[in-house]
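Down below is the structure, laid out as structure tokens.
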There are 2 protein chains.
Amino acid sequence: MNSDQGAAAGMLLSERIRLALADDITTGALAPGTQLDEQQLGDRFGASRTPVREALRQLAAEGLVEMRPRRGAVVAVLTTERVFEMFELSAEIEALCVRLAAWRMTPVERSALRRIHEESAYAVMRGDVDEYDRLNWRFHDAIYEGTHNAYIVEQAKALRERMAAFRRAQLRQGGRPERSRHEHGELVEAVMRGDGEQAAKLMRAHMFNASGALESFARLLPGAD
Amino acid sequence: MNSDQGAAAGMLLSERIRLALADDITTGALAPGTQLDEQQLGDRFGASRTPVREALRQLAAEGLVEMRPRRGAVVAVLTTERVFEMFELSAEIEALCVRLAAWRMTPVERSALRRIHEESAYAVMRGDVDEYDRLNWRFHDAIYEGTHNAYIVEQAKALRERMAAFRRAQLRQGGRPERSRHEHGELVEAVMRGDGEQAAKLMRAHMFNASGALESFARLLPGAD
DNA sequence: ATCGGCAATCGTGTATGCAAATCTTCCTTT
DNA sequence: AAAGGAAGATTTGCATACACGATTGCCGAT
């Protein structure tokens, strides 16, 4: 379980704790349902309870931990149902973004999107999953930005962040990068044509296809409730 | 400027402060850009800085206040551009909800939606804007719930809450309730037919028509930037 | 007179202390 | 032996105290 790796110096202590905890939760180092004792976390970070409390409040607002008044914080436990609900919204937001992007992207943005897609061909060929993962993120980022709506970009990124834990294993499963890239290709074409509705349809299908990892993840969750 | 009205007893102090501040901000009692001094707020609520800080952190996560490290918190100032961006997402989320609702609502839910719509006829006749406002909220709530996706319901309500300040004057402008109810009628029909795509189109138009108040609101905002 | 630098002041960030609420454990009672 | 309850322990919520960074006002220099 890491303690403070990554950017640190000059940053607020509560902020460092927040980032470290967020990382531990999304990577799964802190399992859902884990009790988060303030004093104990303070010891771990060499801090008092005060910055820990602030970090926990922040994480609660992000939905990563759940706070019961006077009963402490626990790592948010997500029912399978809720994960699917989050995933559905995520897919719809992505579809919404690409629909707007197909209508609004500048020629420069469109060719930048195509360039990212072309670059990913090498990663797939070499079987470099990490590299494809990065390019995949950049691809979706480019689509967010293409909406020309900074608020939507923020919300889309925040939602994706919250889903990070579930997407992590996503591309690891057999044949995913190849298929993912093929779907990206179709998306690029629709965006190039400015066909927003078609792009949205393709994106929903793309997200749904990518949801395979969700089902395997679902098995890790408490079966009941 | 209210201090503590509403639910109070038994609730956490920081929670009470959070709710009171959120109310003051959305009603406009605390103008955008106002510096929020921790000590001063503590005095106002008869509390120390600690619960005030926790409330401010929470509000920052909701987007109602902005926190600059070591420089304190201010009521979030929204540029006209940002308000329009928020509004666009809001409209798209509403459209998304009604599209899903049209496909998924049970017969009971559909008739409940129609009943709310019929009830609103009286409010319009009597010119009771407050009552129509309430029914309008219930109408949109019913659509959210119709998605059968609790996460989407939460997010939609949270977004609407953030927009509350801008919608407040919305229905006050001439002829709005009549027109709004007419548009609701078309929406109900599309939902009844299960025509999600058409319902989504109508909802976008409905939200866009309702955006008139935004333009008048825009004049209240700092013109530059 | 204006600009740059320095110091005092103010406010936030963090630590610590105290009280109330919750949880635990052990004892009593049926 | 099991259930209920009371006392102790633990933990959160809030208050107070301290330290550092930022802002502001003043003073001197140009």
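Predicted model, so just to flag it, every value in this text is computed and none were measured. Every chain is numbered from 1, with letters handed out A, B, ... down the list of sequences.
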Nucleotide [N], atom [atom2] - distance to [atom1] of [X] in whole Å:
X: Asp43(A); N: dA15(C); atom1: CG; atom2: P; value: 11 Å
X: Arg49(A); N: dA15(D); atom1: CZ; atom2: P; value: 14 Å
X: Leu56(A); N: dG13(D); atom1: CG; atom2: C1'; value: 13 Å
X: Leu12(B); N: dT22(C); atom1: CG; atom2: C1'; value: 13 Å
X: Gln39(A); N: dT11(D); atom1: CD; atom2: C1'; value: 9 Å
X: Gln35(A); N: dC23(C); atom1: CD; atom2: C1'; value: 11 Å
X: Met11(B); N: dC14(D); atom1: CE; atom2: P; value: 12 Å
X: Arg71(A); N: dT24(C); atom1: CZ; atom2: P; value: 9 Å

Arg104(B) side chain to Thr147(B) main-chain N or O, any donor-acceptor pair under 3.5 Å?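 Present.
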
NA contact type, Leu36(B), heavy-atom cut-off 4.0 Å: base, sugar-phosphate, or nothing?
->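 Result for Leu36(B) = sugar-phosphate.
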
- prompt: Using the ring of each side chain (for Trp, its six-membered ring), is His206(A) parallel, tilted or perpendicular to His184(A), with breaks at 30° and 60°?
  reply: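 Rings of His206(A) and His184(A): perpendicular, as their planes differ by over 60°.
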
Which nucleotide in the set [options] lies at the smallest distance from any side-chain heavy atom of [X]?
X: Leu13(B); options: dA15(C), dC14(D), dG13(D); result: dC14(D)
X: Arg70(A); options: dT14(C), dG13(D), dC14(D); result: dG13(D)
X: Arg53(A); options: dG13(D), dC14(D), dT14(C); result: dG13(D)
X: Asp37(B); options: dT12(C), dT22(C), dA15(C); result: dT12(C)

[X] bridged to [Y] by N-O distance under 4.0 Å:
X: Glu62(A); Y: Arg18(A); value: yes
X: Arg49(B); Y: Asp37(B); value: no
X: Glu131(A); Y: Arg126(A); value: no

Check: For Thr50(A) and Ala73(A), take the nucleotide of DNA chain D holding the closest heavy atom to each; which residue's nucleotide lies nearer the 5' end?
Finding: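 Nearer the 5' end of the strand: Ala73(A).
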
